[in-house]
Amino acid sequence: MNKSLLSVKELSSFLQVHPKTIYKWTDESKIPFIKINGLIRFKKQEIEDWQEKNKNKYIEFAEFLPKLDLPLENYDKMLLKGRSALSKKLKRWNYGIGTIYIRKTKGGKERWCIDYQDENGERVRKVVKHAQSREEALLELQSDIRKNFGKKHGLNQKKSKTKFNEFSVQYLENYVKVNNLAWKRVETCLKNLCEFMGDCYLQDICPLVIEKYKLKRLNEGIKPATVNRELSVLKRAFNLAIDWKMADENPVRNVRFLRQPEPKERILSKDEEERLLEASSEHLRPIIIAALQTGMRKAEVANLKWDQVDMRNKEIEVVRTKSGKKRIIPISEDLYEELKLLREKNGSTEFVFQYTDQKTGEKRHLKYFRRAFENACRRANIKGLTFHDLRHTFASRLVRSGVDLITVKDLLGHYSVKTTERYTHSNQEQKRKAVELLSNEKSRKKAEKVVDLSPICHMEEDNKLQKPVIH
């Protein structure tokens with residue numbers, strides 16, 4: 001190659017600057033260069049003329065190149081670990097924070113490389129491009145270690161300030177609506193939260209702000225259970241904000257939730273069940289029977305499709321559940337007869353529960369039946385009953401019949417058996433029988449004791465009769 005042409009590496013040594021600086025100058029057309037077969041080359045005479053012309057402009061830039069704050073010999077004395085003499089012979093230097101070594105390429109060229117562990121403990125080995133000395137390789141190693149330390153401990157990360165109302169929209173659209181079936185309730189909670197702290201930045205929401213929100217909601221007459229539900233939504237939102245690198249900490253963790261009374265569960269009696277079924281409309285009656293015989297939630301009952309019902313094996317497969325897990329519920333004889341009639345009546349429809357439109361005469365999906373249920377309760381003179389109470393009635397009847405909690409948990413689709421344990425308090429009849437067993441055992445032992453003493457009493461009487469009379 002023509003000796004008057006210089007490569008990037010040769011020019012960087014000539015000008016005492018980093019090769020990256022040479023590439024930067026060529027990209028900005030600040031230095032004369034030519035391209036030969038895609039390679040960047042520099043004419044020596046043009047560089048000398050350029051150097052003389054820009055002596056005070058660019059040559060000083062070399063002084064601002066990154067350098068070690070101490071001489072390399074000092075770093076070797078302080079940080080070099082292990083058998084340094086052997087390491088130098090093998091061209092490998094261990095500085096504790098990482099290792100520097102030289103590796104030959106297939107073309108026989110020597111490249112400076114670094115070896116260290118990232119913030120996750122994973123080993124990283126890479127070539128330091130454009131490094132011309134061990135000092136420059138050590139600079140790259142220190143830079144990488146500093147970046148990984150900052151990532152691990154959240155240092156030097158500039159987080160863009162986001163207002164809570166802006167984040168709540170992202171949280172609702174990108175997470176809640178995707179993963180939560182009851183997302184409308186979460187939407188209502190977020191709306192109430194945004195009315196108070198919507199204009200606050202996420203970094204400015206602290207426990208004091210949340211305490212003020214609690215006080216405001218209580219003064220408005222909101223029940224503690226509702227306030228706690230809103231705090232739960234806020235806590236989950238901040239956890240996701242941390243995962244999405246939009247917040248550093250969750251202020252709700254340092255906030256105490258309100259005390260709330262245990263929910264009173266309304267259990268439907270057999271007499272009330274008969275009155276409710278008699279007062280129900282034609283399309284509502286099978287829905288109530290399905291809820292009482294399966295314990296399915298309102299949305300699960302309303303969206304039940306025929307492809308989920310196995311009439312041959314008498315099973316219902318609940319697909320879209322609150323916990324996200326499918327579950328199989330056996331079909332009782334009463335429910336089987338109702339489903340059989342619905343199948344004959346509705347024909348090949350998609351959804352199980354239908355109603356007939358009085359105007360068009362068409363079969364439509366019965367998705368909402370709250371008003372029909374409330375009217376049926378009013379006609380049956382049943383007060384304080386909600387549709388969800390039918391699910392409680394199903395669970396309580398199973399527990400009273402002696403069904404174990406694990407089976408009840410699987411039928412209800414609870415995530416944990418702790419949720420199912422709340423139905424054990426309704427099993428008063430079994431508790432009464434258990435106490436009666438103790439009472440009966442005590443009476444039995446007392447009776448046995450009386451029976452055991454009676455022969456002795458008879459023997460004493462006989463002995464008295466057999467005593468000889470002394471005159």
Side-chain angles (χ1 to χ4, degrees), residues 6-28 30-31 39-40 42 47 51 58-160 242-245 247-249:
L6 301 175
S7 64
V8 174
K9 186 176 180 180
E10 292 172 340
L11 183 60
S12 65
S13 300
F14 178 72
L15 297 179
Q16 294 297 308
V17 297
H18 199 278
K20 289 183 178 180
T21 305
I22 303 295
Y23 284 113
K24 182 180 178 181
W25 288 347
T26 57
D27 292 339
E28 297 174 355
K30 291 182 178 179
I31 190 170
L39 301 176
I40 298 176
F42 306 89
I47 294 299
Q51 187 181 17
Y58 290 112
I59 301 304
E60 293 179 356
F61 187 78
E63 299 178 3
F64 297 96
L65 288 174
K67 294 182 180 181
L68 295 173
D69 51 358
L70 295 174
L72 187 61
E73 294 77 10
N74 290 21
Y75 279 97
D76 290 347
K77 291 179 182 179
M78 292 187 298
L79 301 177
L80 204 59
K81 306 292 181 183
R83 300 166 65 184
S84 58
L86 181 61
S87 299
K88 291 177 182 179
K89 185 178 179 181
L90 297 176
K91 297 183 178 181
R92 191 175 184 89
W93 294 265
N94 181 11
Y95 284 97
I97 58 175
T99 304
I100 298 172
Y101 62 96
I102 297 177
R103 183 172 65 90
K104 282 191 176 183
T105 63
K106 293 181 179 179
K109 295 182 179 181
E110 291 186 342
R111 298 291 187 187
W112 287 97
C113 305
I114 58 176
D115 184 354
Y116 63 93
Q117 288 185 343
D118 62 7
E119 70 274 10
N120 299 320
E122 300 290 335
R123 187 178 183 183
V124 177
R125 288 179 289 184
K126 71 173 187 178
V127 177
V128 183
K129 295 181 179 179
H130 313 301
Q132 303 296 316
S133 63
R134 181 158 58 94
E135 181 179 359
E136 293 178 353
L138 181 56
L139 275 171
E140 184 75 12
L141 177 63
Q142 289 179 334
S143 176
D144 282 16
I145 294 296
R146 189 179 299 109
K147 290 177 182 178
N148 282 276
F149 185 84
K151 288 180 182 179
K152 183 176 181 180
H153 298 281
L155 303 176
N156 302 326
Q157 295 181 2
K158 294 182 179 179
K159 294 185 174 63
S160 59
I242 295 173
D243 295 340
W244 294 347
K245 309 300 181 184
D248 296 323
E249 57 182 359

Non-hydrogen side-chain atoms of W112 and V127 separated by less than 4.5 Å
no
Going from CG on D144 to CG on L139, what distance comes out if it is rounded to the nearest 0.5 angstrom?
11.0 Å
Could you point out which residue of K91, R103, R134 forms a salt bridge (Lys or Arg N to Asp or Glu O under 4.0 Å) with E110?
K91
Does some side-chain heavy atom of W93 sit less than 4.5 Å from a side-chain heavy atom of L138?
no
Could you tell me the separation between the CD1 atom of I100 and the CD atom of E135, rounded to the nearest 0.5 Å?
10.0 Å
Testing the basics here: between A137 and A131, what is the closest heavy-atom pair and its distance to 0.1 Å?
N-CB, 4.4 Å
Could you grab the distance from atom OG1 of T99 to atom CD1 of I114, nearest 0.5 Å is fine?
10.0 Å
When rounded to the nearest 0.5 Å, the distance separating CG of L6 from CD1 of I47 is 7.0 Å
Determine the minimum heavy-atom distance between I31 and W25, stating which atoms define it.
CG2-CB, 3.7 Å
Heavy-atom closest pair, residues Y116 and N148:
CE1-ND2, 3.6 Å
Specify the closest pair of heavy atoms between L141 and D115, including all atoms of both residues, with the distance to one decimal.
CD1-O, 4.5 Å
Roughly how far, to the nearest 0.5 Å, is the NZ atom of K24 from the NZ atom of K30?
6.5 Å
Is any side-chain heavy atom of Q132 less than 4.5 Å from a side-chain heavy atom of K9?
yes
Work out which heavy atom in T105 is nearest to a heavy atom in R111; give both atom names and the distance.
CG2-CG, 3.5 Å
Restricting to non-hydrogen atoms, name the atom on Q142 and the atom on I97 that form the minimum distance, rounded to 0.1 Å.
CG-CD1, 4.4 Å
Qualifying residues under salt bridge (charged side-chain N to carboxylate O under 4.0 Å, His left out), relative to E136, sequence neighbours excluded
none
To the nearest 0.5 Å, how far apart are CD in E122 and CD in Q117?
8.5 Å
